[in-house]
Amino acid sequence: MQISYDLTGELDRTLRETASRTDGFNDDFSPEIRPADLRFGDYQANGVLPFAKKYGLNPREMAEKLIEALGEDESMDVDLAGPGFLNFRFTPAFRLAWMQKYSSIHDFREAFQASRKPFRVVVDFSSPNTAKQMHVGHIRSTIIGDVIARLFDFGGNEVTRDNHVGDWGTQFGILILAIKRSKSDLEDLGQDSIAKLEDLYREGNQLIAEDESFRMEARSELVKLQQGEKENIGIWEKVNAISLASFLHVYERLGIRFDDILGESFYRDKVDAVYEGLTKHAICEESEGAMVVFHREHKRFAKQPFIVRKSDGASNYATTDLATVCYRVEKLRAEEIVYVTDGRQQDHFSQLFLTAEKWFAAEGKFLPHLSHVWFGTILGEDNKAIKTREGQPVKLLDLLDEAIARAKVIVRQKNPELDEIEMEKRSRIIGLGAIRYADLSQDRTLDYVFSWDKLLALQGNTAPYLQYAVARIRSIFRKLKMEPGSGEEAASAPVTESENLLARKLIYFPSVLEQTQRELKPHHLCGYLYELATDFSSFYNSDKVLVDDPDVRARRMLLCSRTLLILETGLELLGIETLAQM
RNA sequence: GCGGGAGUAGCUCAGUUGGAUAGAGCAAUGGUUUUCUAAACCAUCGGUCGCGGGUUCGAGUCCCGCCUCCCGCACCA
């Protein structure tokens, strides 16, 4: 068989081609290539069984015909097993050839991009509200969104990372009320100004909870702001400046960047076009004083309204989200928009997408592919979502600092002689890696209970385990006084069991990456990297690289440098840094 | 009530869309270091895949009916 980047795809093509010239098969036949259990081989084809069933044929006979038509192939062994499975096992020579062909991150990138057409995509993520500090609840959107943007980028797409900050919502009415009543000076809030703002916001919430007249007052402050009243605009601007500085501090720590930080306020002069458009095409209607969209054809949204203008005349996030779609189409020429938010907003996005579809269709405009990449809630120890208003939420910055501090205890324990700068660097990379990985290694649609132990566990399927594998490989090359990638020219095919297991695992990387990209679920990549690191650790333990025999040494060096390459490529996609020494 | 999600080993979770004898980590027990970093490796123990039906060569995965938990459902985002 031909050496191809993604061998799942290559086997699929090969079998389809073979079937097309084999009696009894037709276009209905789908090979259904899957990675196989180690006992059976590298890949298996399950497709003969359902095909034979459909046409009333004997599956084993059909499978035999297919094997015969495939003919002898030096690159793999093909077996018929069970009721009609085809098992494929690549030869060590073929594994060697694959490793030789794909030897750099450029090779992977190019091969990955060759199979797909690039597009312009906006990733909308993180999106904290101003006047509040970022807390644990923001970590998932921020990290998952960052990784999704990295995946798109790796795929050669034109990515815009947009932080759709909540700087125009109802919270401002409440906050302005509290600021005015307390006569706070926004120029002089002291050291932790963002925390002061948060306190004021909390006070405001208490006020409106206690007294209906305060609620009215807050609402009118918001309307004044939205109408451009000078004093309120001034307050609003200062609040946003303070908030943004505090966000940027967190992003810097996390190593996250944005192309745009266009808050909801950016669209405030664009919401009238939304009202006009929806009204003109009779997509919206008046209900209980508000302007809403019902989707008659939909079971639930026929009765559950999508409110695009509140009864007090103010816009809300439905309005700005619609205006945002327009902007991203017109100015960014987006072909795809991905929203990374909490799963509790599923209804909102379903309604948003339905409304946008109708509106754009009515206008005859191109609508990008819209998708909602949602994730579960982070829960407290009581199994309830961590609240923002009651109780003290864990500040994101504190969380990161504590992760680093905890990592430092272990780094110091392992390397007591290290100087402070190096100690700090390693602790940061290990601590932040652990935080990121804890979130990414679990299926994003699941809720999880927040706990320090979970986030900072350094054993099992964790970032430090992967970083440790990287450090060990680097250590081997350091001892050899050679760079990874060199000294492998004379490498021969894998021989020992653990060499072959490692090589076998390396070859799976492309199909895992493909699945991760297709489902936008980073945990697939995490699981794979963990398995790879595990196979490497077994190999490391049983097969020494620094041996006298030059043949053995060369072939093991090749395995080391490819493992390193894939681990680092994978971790880079996850936004996790690595170390030469741990 | 409608909709979304979850229920798999004592605990935390995978399970590539219907494949072969359901896998990891943690915890527990035992072993491995004059050998490239033991933050490691190897082994043992551990299962009525929530319950009951059904579909078929084959079901943790699909269809039906239940049970439990979390979340959303009119002007917060």
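Lettering follows sequence order; numbering is per chain, from 1.
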Problem set entry | Check: A:Ser311 side chain, B:C75 base, donor-acceptor under 3.5 Å | yes
Exercise. Just checking A:Val547: base, sugar-phosphate only, or nothing, at a heavy-atom cut-off of under 4.0 Å?
Worked result: nothing
Problem set entry | A:His164-A:Tyr339 side chain donor-acceptor pair, cut-off 3.5 Å | no
Exercise. Given B:G19, B:A74, B:A40, which nucleotide is nearest the side-chain atoms of A:Leu49?
Worked result: B:G19
For this session: Classify the nucleic acid contact of A:Pro50 as base, sugar-phosphate or nothing, counting any heavy atom under 4.0 Å across all strands shown.
Result: base
Problem set entry | Nucleotide nearest A:Ile476 (side chain, heavy atoms from C-beta), chosen from B:C57, B:C36, B:C75 | B:C36
For this session: Give a yes/no on whether any side-chain N or O of A:His348 is located under 4.0 angstrom from OP1 or OP2 of B:C76.
Result: no
For this session: Please tell me which of the listed nucleotides, B:C2, B:C73, B:A77, lies nearest to the side chain of A:Lys299?
Result: B:C2
Distances under 3.5 Å between nitrogen or oxygen atoms of protein and nucleotides 4-11 of chain B:
| residue | atom | partner | partner atom | Å |
| --- | --- | --- | --- | --- |
| B:G4 | O2' | A:Gln346 | OE1 | 3.2 |
| B:G4 | O2' | A:Gln346 | NE2 | 3.1 |

For this session: Give a yes-or-no answer on whether the side chains of A:Ser498 and A:Ser542 include a donor-acceptor pair shorter than 3.5 Å.
Result: yes
Problem set entry | Candidate nucleotides B:C76, B:A40, B:A14, ranked by approach to the side chain of A:Thr170 - the nearest | B:C76
Exercise. Do the side-chain N and O atoms of A:Tyr508 and A:Asp42 include a donor-acceptor pair separated by under 3.5 angstrom?
Worked result: no
Problem set entry | Residue-phosphate contact under 4.0 Å: A:His298 side-chain N/O, B:C2 OP1/OP2 | no
Exercise. Judged by modelled atom types alone, do A:Glu488 and A:Ser561 share a side-chain donor-acceptor pair under 3.5 Å?
Worked result: yes
Exercise. Which nucleotide sits closest to the side chain of A:Arg34: B:C75, B:U17, B:A14?
Worked result: B:U17
Exercise. Between B:C57, B:A74, B:A40, which nucleotide gets closest to the side-chain atoms of A:Pro305?
Worked result: B:A74
Exercise. Going by distance alone, is a donor N or O of one side chain under 3.5 Å from an acceptor N or O of the other, for A:Asn541 and A:Ser538?
Worked result: no
Exercise. Does a donor on one side chain and an acceptor on the other come within less than 3.5 Å for A:Asn240 and A:Thr130?
Worked result: yes
For this session: Looking only at side-chain atoms of A:Tyr540, point me to the closest of B:A77, B:A38, B:C41.
Result: B:A38
Problem set entry | Euclidean distance, atom CZ of residue A:Arg60 to atom P of B:G19 [Å, nearest integer] | 20 Å
Exercise. Taking the side chain of A:Arg344 as heavy atoms from C-beta outward, which of B:C71, B:C75, B:G19 is closest to it?
Worked result: B:C71
Seminar exercise, completed: Quick note, A:Ala290 side chain, CB onward, closest among B:G72, B:C42, B:C75 is B:C75
For this session: Identify which nucleotide among B:A74, B:G72, B:C36 has an atom closest to any side-chain atom of A:Ser287, counting heavy atoms from C-beta outward.
Result: B:A74
Problem set entry | Pair of N/O donor and acceptor under 3.5 Å linking B:A77 base with A:Tyr317 side chain | yes
Atom pairs, N/O to N/O, protein against nucleotides 20-27 of chain B, distance under 3.5 Å?
| residue | atom | partner | partner atom | Å |
| --- | --- | --- | --- | --- |
| B:A20 | N7 | A:Gln44 | OE1 | 3.2 |
| B:A20 | N6 | A:Gln44 | OE1 | 3.3 |
| B:A20 | N6 | A:Asn87 | OD1 | 2.5 |
| B:A20 | N6 | A:Asn87 | ND2 | 3.4 |
| B:A20 | N1 | A:Asn87 | ND2 | 3.4 |

Exercise. Which part of the nucleic acid, if any, lies within reach of A:Glu519 when heavy atoms closer than 4.0 Å are counted: base, sugar-phosphate only, or nothing?
Worked result: base
Exercise. Any side-chain donor-acceptor pair under 3.5 Å between A:Thr142 and A:Ser126?
Worked result: yes
Problem set entry | salt_bridge(A:Arg268, A:Glu264) N-O dist < 4.0 Å | no
Exercise. So what does A:Phe294 touch, heavy atoms closer than 4.0 Å: a base, only the sugar-phosphate, or nothing?
Worked result: base
Seminar exercise, completed: Which of A:Tyr267, A:Phe266, A:Trp236 passes ring-ring contact (aromatic ring centres under 6.0 Å, His included) with A:Trp168? Answer is A:Trp236
For this session: Would you indicate what A:Ala218 reaches in the nucleic acid, counting non-hydrogen atoms under 4.0 angstrom: base, sugar-phosphate, or nothing?
Result: nothing
For this session: Indicate, with a heavy-atom threshold strictly under 4.0 Å, whether A:Leu480 touches base, sugar-phosphate, or nothing.
Result: nothing
Exercise. Is it true that the side chains of A:Thr578 and A:Glu568 contain a donor and an acceptor less than 3.5 Å apart?
Worked result: yes
For this session: Compare all side-chain heavy atoms of A:Asn87 with those of A:Val78 and state whether any distance is below 4.5 angstrom.
Result: no
Problem set entry | Touch class at under 4.0 angstrom, heavy-atom based, for A:Asp543 against every strand present | base
